[in-house]
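Note sheet for the following structure.
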Amino acid sequence: MKKTMFVGETRCGKSSLIKVLSGESYSPRRAMAVEHFGPFINTPGEFLENSWFYHALITSSADCQVLAIVQDATRRASLIPPLFTSMFNRRVIGLVSKIDAPSADPVLAERFLRQAGAKGIIRTSCVTGEGIEQLLEIIS
Ligand SMILES: Nc1nc2c(ncn2[C@@H]2O[C@H](COP(=O)(O)OP(=O)(O)OP(=O)(O)O)[C@@H](O)[C@H]2O)c(=O)[nH]1
Ligand SMILES: [Mg+2]
């Protein structure tokens with residue numbers, strides 16, 4: 001498994017994705033710190049939301065092979081800035097989360113991820129499991 005770091009807004013679904021990918025054994029804590037769990041690196045939403053934490057994301061990304069930026073499909077706005085991925089010298093994939101939710105707008109979420117510079121984009125749901133297989137293939 002490739003070391004994969006998850007970055008995204010608070011409550012966008014980073015921990016849920018790691019939980020599903022790792023087979024339910026992960027119990028996330030709401031800590032203001034970067035967390036390592038097997039091949040996964042979880043980051044606090046605050047690190048994306050406040051640009052004075054970007055340096056912490058950049059430093060942590062040195063430990064990963066794949067950077068996964070997560071956009072919640074139920075949100076109508078994004079705090080991921082345009083060209084965000086250009087700060088990272090890593091392969092970046094975009095993950096649309098919560099596509100099972102009735103209010104999900106995956107097309108809008110994809111647009112935010114492309115503007116941020118993500119190349120490969122996968123639509124996922126931790127509830128239905130959609131996209132999880134495809135994601136596992138990419139990071140295996
Ligand atoms: N419907 C739906 N809800 C989801 C999905 N993934 C996560 N959620 C819900 O979204 C909320 C936030 O999920 P988390 O995985 O804790 O989000 P997070 O990005 O780790 O949040 P922080 O650690 O606070 O930054 C929880 O109530 C989850 O149950 C999904 O695929 N579908
Ligand atoms: Mg979390």
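The chain is numbered in sequence order, starting from 1. Each ligand, and each atom within it, is numbered from 1 in the order the structure gives.
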Q. Using 4.0 Å as the upper bound for N to carboxylate O, is an ion pair formed by Arg75 and Glu9?
A. yes

Q: Please determine if Cys12 has a nitrogen or oxygen closer than 3.5 Å to a nitrogen or oxygen of ligand 1.
A: yes

Q.
Show me which atoms of ligand 1 lie under 4.0 Å from any heavy atom of Ser125.
A. 31 (O)

Q. Taking both backbone and side-chain atoms of Pro44, is any N or O found less than 3.5 Å from an N or O belonging to ligand 1?
A. no

Q. Looking at CD of Glu133 and CG of Leu21, how far apart are the two atoms once the value is rounded to the nearest 0.5 Å?
A. 10.5 Å

Q. Listed by chain and number, what are the salt bridge (Lys or Arg N to Asp or Glu O under 4.0 Å) partners of Arg114, not counting sequence neighbours?
A. Glu110

Q. Under 3.5 Å between some N or O of ligand 1 and some N or O of Ser15?
A. yes

Q. Counting each atom of ligand 1 from 1 as listed, which ones have a heavy atom of Gly45 under 4.0 Å away?
A. 25 (O)

Q) Using a distance-only test with no angle check, is there a side-chain donor-acceptor pair under 3.5 angstrom linking Gln71 and Ser97? A) no

Q: Assess Thr10: does it contribute an N, O or S atom lying under 2.8 Å from the Mg ion (ligand 2)?
A: no

Q. Which residues satisfy the side-chain hydrogen bond (donor to acceptor under 3.5 Å, both in side chains) test with Thr128, sequence neighbours excluded?
A. Ser125

Q: Look at the side-chain heavy atoms of Ile, Leu, Val, Met, Phe, Trp and Tyr, link any pair under 4.5 Å apart, and say whether Met87 and Leu79 land in one connected group.
A: no

(Q) If I apply the N/O under 3.5 Å rule, does Ser97 come out as touching ligand 1? (A) no

Q | Aromatic ring proximity, centroids under 6.0 angstrom, Tyr54 and Phe84 | A | yes

Q. Can you tell which part of Asp100 has a heavy atom less than 4.0 Å from ligand 1: side chain, backbone, both or neither?
A. side chain

Q. Short N/O distance, under 3.5 Å, between Ser16 and ligand 1?
A. yes

